[in-house]
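A short write-up of the structure that comes next.
Atoms considered below: every heavy atom in the structure, side chains included; atoms not considered: hydrogens, waters and symmetry mates.
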Amino acid sequence: MTVSMDKDAAPRMIVADRVCKNFGALQVLKGISLEVARGEVLCLIGPSGSGKSTFLRCINHLEQVNAGRLYVDGELVGYRQKGDKLYELHPRDAAKQRRDIGMVFQHFNLFPHRTALENIIEAPTQVKKVRKADAVARAHELLERVGMGDKANAYPAQLSGGQQQRVAIARALAMDPKLMLFDEPTSALDPELVGEVLQVMRELAESGMTMVVVTHEMGFAREVADQLVFMDGGVVVEAGVPREVLADPKHERTKAFLSRLL
């Protein structure tokens with residue numbers, strides 16, 4: 001099923017409609033509704049346990065939603081609708097949806113026994129069946145793009161955390177995604193390495209990539225994001241233009257959270 005687009009509005013890459021997610025009796029997402037236009041950057045902020053990472057994982061169906069609807073580029077994520085009923089997609093079909101959504105995790109998740117280049121070409125050659133020579137050429141382009149052109153033959157253990165995260169971004173981009181998800185991509189890094197990763201993300205945003213970023217980097221959110229969403233307790237507490245939310249939050253919970261960070 002596809003979701004209709006308003007001709008007068010910017011095309012929407014993500015539409016979340018009352019998304020709920022439970023883990024047993026624990027309700028983690030309690031009706032999340034938001035939209036992200038193509039080419040926009042949305043930053044999600046909030047305390048640990050607020051549901052930010054779970055929502056991100058629902059966008060690419062690493063987690064199943066229990067209620068509501070999630071659409072990416074007009075397509076219902078993880079399900080097909082017949083009449084009023086939803087039927088979960090076959091894992092093969094869900095994987096096809098997922099390959100158009102890049103995801104960068106907190107802890108890099110690189111294959112330790114493969115070089116930076118080998119990490120990047122793995123998915124294009126195995127999943128998309130790209131010719132190895134083409135995948136290698138593209139990988140070298142992406143390594144240059146993230147400032148790692150001289151590290152193609154290095155193994156993860158030979159790289160700093162910031163370098164590993166930049167390889168992880170290049171690996172996600174190798175699948176030519178239409179959407180990039182970042183789950184606290186700098187939180188596992190030493191402070192002096194954070195800037196190099198954020199710079200790659202800034203350049204990616206400037207290129208027009210649609211991005212959803214779970215982050216505690218308020219400077220990045222202020223400078224780069226089009227929307228800022230504060231989540232707490234599984235709900236959207238406050239949302240708006242980043243500079244306005246950060247400078248003049250309206251909700252007491254937002255004020256209390258930001259007072260500890262700014």
Side-chain angles (χ1 to χ4, degrees), residues 41-45 48 52-53 56-57 59-60 62 98-128 130 132-225 261:
V41 177
L42 168 69
C43 280
L44 292 171
I45 65 171
S48 298
K52 308 181 302 296
S53 294
L56 211 64
R57 291 171 65 84
I59 293 174
N60 66 356
L62 288 176
R98 195 177 294 123
R99 73 185 186 185
D100 290 328
I101 303 172
M103 187 157 184
V104 177
F105 299 88
Q106 182 176 346
H107 292 291
F108 325 138
N109 291 357
L110 298 175
F111 295 117
H113 59 292
R114 294 193 174 145
T115 64
L117 183 83
E118 289 167 342
N119 266 280
I120 293 168
I121 68 171
E122 176 76 10
T125 55
Q126 298 300 314
V127 178
K128 283 194 166 182
V130 174
K132 185 175 179 180
D134 294 336
V136 168
R138 174 71 170 144
H140 280 296
E141 288 176 11
L142 290 169
L143 283 168
E144 288 290 345
R145 182 175 179 181
V146 300
M148 295 287 290
D150 61 340
K151 300 294 185 182
N153 296 317
Y155 289 89
Q158 298 171 311
L159 301 173
S160 70
Q163 290 172 326
Q164 289 186 61
Q165 194 61 294
R166 285 186 280 159
V167 172
I169 293 172
R171 179 182 60 181
L173 292 174
M175 292 293 282
D176 294 318
K178 54 191 174 186
L179 169 65
M180 285 284 286
L181 309 176
F182 293 86
D183 191 5
E184 300 198 36
T186 61
S187 63
L189 301 179
D190 292 333
E192 65 269 22
L193 303 178
V194 169
E196 62 192 48
V197 174
L198 292 180
Q199 182 57 34
V200 171
M201 293 170 64
R202 282 189 186 91
E203 291 168 3
L204 198 55
E206 289 168 3
S207 76
M209 176 64 73
T210 311
M211 297 162 56
V212 181
V213 184
V214 174
T215 187
H216 291 293
E217 299 292 338
M218 296 301 132
F220 175 84
R222 183 186 294 107
E223 296 165 25
V224 179
L261 293 178

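- Contact of the Leu117 side chain with the His140 side chain is registered, since non-hydrogen atoms from C-beta on lie closer than 4.5 Å.
- Contact of the Ser207 side chain with the Arg145 side chain is registered, since non-hydrogen atoms from C-beta on lie closer than 4.5 Å.
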Sequence neighbours excluded and cut-off under 3.5 Å, please list the side-chain donor-acceptor pairs for residues 153-160, or say none.
| residue | atom | partner | partner atom | Å |
| --- | --- | --- | --- | --- |
| Gln158 | OE1 | Tyr155 | N | 2.8 |
| Ser160 | OG | Gln163 | N | 3.2 |
| Ser160 | OG | Gln163 | OE1 | 3.4 |

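- Looking at heavy atoms from C-beta onward, Pro185 lies in side-chain contact with Met201 at the 4.5 angstrom threshold.
- Phe111 and Glu122 get closest at one heavy-atom pair: CE1-CG, 4.0 Å.
- The distance from atom CE of Met148 to atom CD of Glu196, rounded to the nearest 0.5 Å, is 8.0 Å.
- Separation of atoms CG (Leu142) and CD1 (Ile121) is listed at 12.5 Å; rounding is to 0.5 Å.
- With a 4.5 Å cut-off on side-chain heavy atoms, Val136 and Lys132 count as touching.
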Would you give me the side-chain donor-acceptor pairs under 3.5 Å for residues 209-220, sequence neighbours excluded?
| residue | atom | partner | partner atom | Å |
| --- | --- | --- | --- | --- |
| Thr210 | OG1 | Gly39 | N | 2.7 |
| Thr215 | OG1 | Glu217 | N | 2.9 |
| Glu217 | OE2 | Thr186 | OG1 | 3.4 |

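- A donor-acceptor pair under 3.5 Å links the side-chain atoms of Arg98 to the main chain of Asn60, judged by distance alone.
- Taking each heavy atom of Gly162 and Leu193 in turn, the nearest pair found is N-CD1, 3.7 Å.
- From Arg99, atom CZ reaches atom NZ of Lys128 across 6.5 Å, with rounding to the nearest 0.5 Å.
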Derivation of the side chain to side chain contact (heavy atoms under 4.5 Å, CB included) call for Phe105 and Arg57:
CA-CA 10 Å; Phe105 299 88; Arg57 291 171 65 84; 4.0 Å; yes
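- Side-chain N or O atoms of Glu118 include one that pairs as donor or acceptor with a backbone N or O of Thr115 at under 3.5 Å.
- The two residues Arg166 and Val197 make their nearest non-hydrogen contact at CG-CG2, 4.3 Å.
- Not one N or O on the side chain of Glu184 forms a donor-acceptor pair closer than 3.5 Å with the backbone of His107.
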Do any side-chain atoms of residues 167-183 form donor-acceptor pairs under 3.5 angstrom with protein atoms, and if so which ones, sequence neighbours left out?
| residue | atom | partner | partner atom | Å |
| --- | --- | --- | --- | --- |
| Arg171 | NH1 | Asn109 | O | 2.8 |
| Arg171 | NH2 | Phe108 | O | 2.9 |
| Arg171 | NH2 | Asn109 | O | 3.4 |
| Asp176 | OD1 | Arg138 | NH2 | 3.0 |
| Lys178 | NZ | Asp73 | OD2 | 3.3 |
| Asp183 | OD1 | Ser53 | OG | 2.7 |
| Asp183 | OD2 | Ser53 | OG | 3.2 |

